[in-house]
Structures are given as C-alpha cells and as structure tokens.
Amino acid sequence: MINPVPRVRFAPSPTGYLHVGGLRTALYNYLFAKNCGGQFILRIEDTDRNRYVEGAVVKLIEALKWVNIDYDEGPDKNGNYGPYMQSERLDIYKKYALELVEKKHAYYCFCTPERLQSLKEEQQRQKMPQAKYDKHCLHLTKEEIDNNLKSGMNYVIRLNVTEGDKISFQDIVRDRVEFDRENIDDQVLIKSDGYPTYHLANVVDDHLMKITHVIRGEEWLSSTPKHILLYNYFGWEKPVFAHLPLLLNPDRSKLSKRQGDVAVEDYKDKGYLKEALINFVALLGWSAGDNQEIYCIEELIKKFSLERVNKSGAVFDQDKLKWLNEIHLRSKPDNEIIPIIRETLKNNSFDERIFSDEYLGKIIVSMKERVSFPQEYVLNCRYFYEAPVEYDKETATKRWKEDSAKLMQKLIDEIEKLDNPEKHDYENALATASEITGSGKGNFIHPLRLSVSGTGSGPGVYDILDIIGKDETIKRIKKAIAVFS
RNA sequence: GGCCCGUUAGUGUAACUGGUUAACACGUUGCCCUUUCACGGCAAAGAGUACGGGUUCGAGUCCCGUACGGGUCACCA
C-alpha cells in the first residue's frame with residue numbers, strides 16, 4: 001500500500017448538473033472513505049474546453065452540498081495536493097508528458113485531422129476489426145520533429161503502446177480483467193490545445209494526490225489498460241480499481257435524460273428528500289447482505305464495503321424511490337417540514353403568514369400518512385388553507401342525498417351549541433344529530449366531509465373540523481347546502 | 001464489427017467456502033382495520049436462478065459453449 005490512509009476521489013467533469021449516476025459514484029467513494037477513516041477528494045476534470053459550461057462547477061458543488069456529501073479536499077477546500085481543478089494544472093501534465101517522450105513511451109504526432117479521418121475511413125473500408133492510429137509519426141527523425149516544432153505546427157503527444165504481454169489488473173468488483181495490447185490505441189495524451197486528455201490527467205493526478213482507490217463507473221473499464229500502461233511507464237504504484245455497475249433506464253439502456261430525470265437537482269425540485277435519494281441510490285448496486293432497506297447516512301457509512309458491490313447494472317426504479325421518500329418524509333420532524341409548507345403556500349399564492357406553526361403542525365399530524373412529497377401538505381389538502389371552491393363531482397353525486405340538506409342543517413344546530421369544541425365534541429354533536437333525526441351517522445359524515453373539504457377522501461372528518469374550527473365548519477356547511485339545493 | 005463486462009420474479013437485492021419446497025423489499029391483486037382516503041396488519045400471484053452441456057451423491061453457486069443485454073473503440077469525460 002502506498003499510503004496507510006486510504007484516499008479516494010470523485011472526479012466529475014462539470015456538465016452543468018450532477019447526474020444521479022455521478023451521485024452514486026460520489027456516494028460510494030464517500031462511504032468507503034468514511035468507513036475506513038480515509039479521505040475523500042473532489043477533483044474537477046475540466047480539460048475539455050469545448051464543453052466548458054459557465055457556472056457548472058458551482059452547481060456541482062451545490063448539489064453535493066445539498067446531499068451532504070462533504071469532501072476533505074477540493075476546489076473550494078484547500079488541501080496539500082491542489083489545485084483541484086485540472087485546468088489549473090496544465091504545466092504539470094505537460095512536464096509528465098515530456099518525461100514520457102523522453103523515455104520513448106510517448107511521441108509527438110503532427111498528423112492533421114484530415115489524415116486521421118481518411119486513415120480511419122481506409123481502415124473501415126478494409127474491415128479492420130478496429131480503427132487505430134498507424135504510428136506514422138513515431139518514425140519521425142529528431143530533426144523532423146524539431147523543425148515541425150520550430151515552425152509552429154500543431155501537434156499532440158501520443159502514448160506509445162508497444163507489443164508485449166497482456167495487460168491485466170485486479171478490480172474489486174470484477175475480479176481479474178485482461179486486455180490484449182493490440183487492441184489498445186496510441187491514445188492522445190496532450191491535445192493540440194495543450195490540454196491533457198482524461199487518461200493522462202487522471203493518472204498523473206491520482207498519483208500526485210496519493211489516491212489509493214479508484215472508484216468509478218463501468219464506462220471506464222475499457223480504458224483502464226491505458227491507465228495501467230501509464231502507471232507502468234512512469235514507474236508508479238497503481239491504485240486499487242473498483243468499477244461500479246451502471247445505472248439503467250427501465251429498458252435497461254444506460255440511464256439517460258430522454259427517459260426521465262437524471263439530475264439530482266430535478267429530484268430535489270420535485271420534492272424528493274436528500275435522505276431518500278441517498279438511501280435509494282446506495283442500494284442500487286450494493287447491499288449489506290441483510291434485509292435492511294431503510295438507512296440513514298451513518299448506518300450506510302458503518303455497513304458499506306466495496307466487496308459487496310454488485311457487478312450488473314441496476315434499473316433506476318422511480319416507484320421504490322417514491323416509497324423511500326414517503327418513509328423518510330414521515331420521520332422528519334415538524335420544524336423541518338413547516339418551512340417547506342410555507343414555501344409551497346407562497347408558491348401557490350397563499351398568504352402563508354396567516355397560518356401559525358401550531359396550525360401547520362396539526363395539518364402535518366393529520367396528513368402525515370397521506371403524503372409522498374412535502375408539497376402535498378398543501379396541494380393535497382388545500383381545504384385547510386381556503387374553503388373549497390369546488391366540490392368533487394363524483395363524491396357529490398354519490399354522497400349528497402335527498403335529505404342531506406336537512407340533516408346538515410340539523411348538524412349545524414348541534415354544532416352551534418358547542419362552546420370551544422374539541423375533536424370529540426364534534427363527534428358527540430354528530431351523534432346527537434343522528435339520534436334526533438334517526439338517520440345513520442354515515443348520512444352525516446359523508447356529506448359533512450364533502451361540505452368542509454370538497455372531496456371524498458382525506459383525514460378523519462372530526463380531525464378536519466377540529467383543525468378548521470367551529471365557525472369555519474358552520475360557514476362551509478351552509479355554503480354546501482346553498483350550492484347543492 | 002473488435003475488445004471488455006454482465007445475466008436470480010416487472011424492479012432492487014439475498015442465498016457463508018456447492019447441501020432441504022430460492023428469501024426480503026418496492027410494485028401488483030385480495031382480505032382485515034377505518035362509515036372516507038391513506039397508514040398498518042394479513043395473504044396471494046409472480047423466478048426454479050438466460051439457454052444448453054458438463055463436473056458432482058448433490059449446482060443459482062464450479063467449468064465450457066451459445067444467446068441476449070450493456071459498455072467501449074475521439075485531440076469527450
């Protein structure tokens with residue numbers, strides 16, 4: 001082992017949002033680090049200038065902050081191995097690339113994009129199994145190279161893959177993986193704009209930053225032999241690799257935007273809790289081996305191990321995520337839910353200031369088992385915030401009968417007698433009205449619910465009455481009588 | 001197409017170094033609770049472990065082949 005303290009890293013390229021697959025990778029890195037008392041580093045792989053997105057790094061960091069995946073070192077958190085933005089490390093990559101050129105493990109290439117293009121087409125025409133660079137520039141003389149360089153020709157630096165033994169490595173999740181060298185292309189290491197490619201940058205940085213375990217998505221598996229070669233050529237000790245299975249769409253293709261939301265921001269906006277998202281994503285490709293499904297982050301840290309990570313891709317199942325959201329939402333204390341309710345009220349043009357915390361607290365109690373998302377504390381029970389503006393048609397025809405108006409009037413009479421009523425007082429009032437009229441309770445309960453809520457479902461009627469209060473109850477029943485007569 | 005990886009109910013997973021009717025959760029369906037809805041409780045349907053061979057007294061677990069799926073083959077990460 002290079003270093004007694006494990007160091008891992010999450011190395012996303014800044015695309016403008018955090019992909020849930022990236023979240024899972026970040027999470028596993030984080031869990032692994034925390035589990036073994038190691039360090040977790042955030043490194044930004046921004047070496048593609050064509051893909052530069054304004055503000056992308058900030059959004060990425062915000063997303064990680066939101067889910068509470070905290071890193072020990074990163075762009076905005078100084079460590080001893082910075083800078084943590086690859087675009088700020090150009091000199092370093094150049095230096096190491098030249099070292100490789102010096103050792104003949106890399107070489108200058110002056111081929112034009114046009115030649116590369118026609119080479120590729122030619123190879124395809126000949127039905128070669130795989131298009132590969134033909135090492136044309138490997139055979140340039142020292143003079144030719146110097147002249148080209150001096151005349152300011154565009155160039156790249158390529159990895160010189162020589163013939164030899166198979167390249168194999170141990171992967172924690174996949175065990176031993178083997179590649180033939182003839183299938184490995186002379187990968188560009190330094191691009192003509194002076195920026196490194198991923199392959200060079202990630203190897204150099206992982207070495208310099210003393211990364212011990214490379215935990216990343218399976219899409220990197222086939223370029224790992226190039227990285228192995230680089231470690232060998234530099235004479236550096238290799239990190240341990242762990243390639244995580246992919247996250248998939250319901251049709252088992254790689255999780256993509258077309259088939260649903262992929263950005264953690266999307267899930268946040270929809271009302272998913274970070275606890276639920278983390279819990280869910282942790283279980284996509286990993287399990288502790290017991291039957292536990294509900295986890296908090298501390299338990300995940302305690303139980304996580306790379307050895308128990310699965311090999312096969314996992315479908316991102318929205319139904320299960322929703323279920324987990326319900327579970328985590330129910331265990332959230334009121335003081336965390338109330339601000340969200342107020343926010344939702346504001347967004348739905350209610351004046352949230354007229355509702356006390358105590359009032360909202362009562363709504364939470366009555367709705368807790370009936371919501372999947374926090375905003376449903378408003379959207380699924382607007383009747384707690386305003387009198388029903390319309391009545392559910394189906395419920396009305398089913399529940400408002402011939403004699404309902406008469407019975408409701410009788411109920412009003414009973415409720416009016418109440419002084420500072422509590423929940424059971426309403427219940428008694430209804431029972432009395434039922435007794436006097438000789439009509440069953442159901443003939444009261446259902447039209448009553450319709451009157452006060454406009455719907456046929458929701459919390460118990462007496463709970464609703466207790467929350468909206470006596471005066472509002474009477475007012476709403478009167479209105480319903482008027483509407484349905 | 002080449003290379004690499006994978007394959008246990010619809011979905012996510014379990015099944016220690018091969019050992020009884022393949023387990024749990026989500027989802028689905030039904031019943032109970034509740035004069036509503038939901039929660040909760042109970043139950044059911046749903047895979048014989050992609051398929052085919054082998055090894056073995058015995059295989060989801062080991063070996064081989066086939067099929068299917070995915071990833072990757074850039075001066076993108």
Side-chain angles (χ1 to χ4, degrees), chain A residues 11-15 45-51 86 109 111-113 116 120 124 127-133 154-158 171 173-175 177-180 182-185 187-199 201-202 216-225 243 245-246 248 250-254 280 283-294 308 310-324 326-327 330 366-372 380 395 398-399 440-446 448-450 453 455-461 464:
Chain A
S13 74
T15 54
E45 311 246 333
D46 57 345
T47 56
D48 185 355
R49 290 190 300 174
N50 300 321
R51 284 208 193 173
Q86 290 188 327
C109 171
C111 290
T112 61
L116 261 20
K120 197 172 177 179
Q124 273 169 358
K127 292 232 181 340
M128 284 178 63
Q130 183 194 17
K132 265 174 70 179
Y133 181 61
N154 268 342
Y155 70 91
V156 301
I157 295 177
R158 285 182 183 276
D171 187 286
V173 347
R174 279 154 223 284
D175 210 34
V177 186
E178 216 176 52
F179 290 85
D180 248 311
E182 62 185 80
N183 293 315
I184 304 171
D185 198 5
Q187 182 68 50
V188 169
L189 301 177
I190 298 284
K191 300 181 259 188
S192 58
D193 63 4
Y195 279 65
T197 56
Y198 169 85
H199 308 283
N202 117 81
R216 68 206 336 179
E218 192 193 328
E219 68 265 30
W220 294 110
L221 193 59
S222 27
S223 41
T224 305
H243 288 95
L246 259 21
L248 311 174
D251 69 357
R252 302 204 81 82
S253 57
K254 188 174 165 183
F280 175 65
L283 261 20
L284 253 27
W286 172 84
S287 87
D290 50 25
N291 281 335
Q292 186 173 346
E293 301 264 7
I294 314 294
R308 290 202 59 91
N310 269 105
K311 293 173 169 62
S312 49
V315 174
F316 196 92
D317 179 13
Q318 305 275 347
D319 280 338
K320 190 147 186 179
L321 208 209
K322 188 179 167 205
W323 170 71
L324 278 169
E326 291 163 3
I327 300 287
R330 272 175 217 145
S366 71
M367 289 297 290
K368 191 151 240 164
E369 311 297 311
R370 283 163 247 266
V371 294
S372 302
N380 287 6
T395 311
K398 189 175 168 196
R399 301 299 195 186
K441 282 188 189 173
N443 294 330
F444 287 88
I445 291 174
H446 297 297
L448 172 59
R449 170 189 298 285
L450 178 68
S453 75
T455 79
S457 64
V461 237
I464 298 178

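Chain naming here is simple, since letters A, B, ... match the order of the sequence lines and numbering starts at 1 in each.
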*rG40(B) pairs with, by Watson-Crick or G-U criteria that keep both distances under 3.5 Å*: rC32(B)
*Can you tell me how far C1' in rC33(B) sits from the matching atom in rG41(B), rounded to whole Å?*
8 Å
*If we call it a pair only when both distances are under 3.5 Å in a Watson-Crick or G-U wobble match, what pairs with rG18(B)?*
none
*If pairing requires Watson-Crick or G-U wobble contacts with both distances under 3.5 Å, which nucleotide is the partner of rC73(B)?*
rG1(B)
*asked:* Between C1' on rU36(B) and CD1 on Ile464(A), what's the gap in Å once rounded to a whole number?
replied: 9 Å
*Are His243(A) and Arg216(A) close enough that some pair of their side-chain heavy atoms sits under 4.5 Å apart?*
yes
*Given atom CG of Leu321(A) and atom C1' of rG27(B), what is their separation to the nearest angstrom?*
14 Å
*asked:* When the C1' atoms of rU61(B) and rU8(B) are compared, how many Å lie between them, rounded to an integer?
replied: 11 Å
*Watson-Crick or G-U wobble partner of rG6(B), both distances under 3.5 Å*: rC68(B)
*asked:* Using whole Å, what does the distance between atom P of nucleotide rA14(B) and atom CG of Asn291(A) come to?
replied: 11 Å
*Syn or anti: how is rG12(B) classified when any glycosidic angle within 90° of 0 counts as syn?*
anti
*Any donor-acceptor N/O pair under 3.5 Å between rC5(B) base and Arg174(A) side chain*: no
*asked:* Can you check the distance between rC5(B) and rC64(B), where both ends of the measurement are the P atom (answer in whole Å)?
replied: 12 Å
*Should Glu218(A) and Arg174(A) count as an ion pair when the cut-off is N to O under 4.0 Å?*
yes
*How far does OH of Tyr133(A) sit from CG of Leu116(A), to the nearest 0.5 angstrom?*
7.0 Å
*Is the side chain of Arg399(A) donor-acceptor paired with the backbone N or O of Leu448(A) at a distance under 3.5 Å, no angle test?*
no
_Distance (rounded to the nearest 0.5 Å) between Ser372(A) OG and Ile327(A) CD1_ = 10.0 Å
*Just how far is it from atom CG of Asn50(A) to atom CG of Asp193(A), taken to the nearest 0.5 Å?*
7.5 Å
*What integer number of Å spans the C1' atoms of rU20(B) and rC57(B)?*
14 Å
_Footprint string (nucleotides 66-77 of chain B, 5' to 3'): B base within contact, S backbone only, - free, heavy atoms under 4.0 Å_ = ----BSSSSBBB
_With a 4.5 Å cut-off on side-chain heavy atoms, are Met367(A) and Asn380(A) touching?_
yes
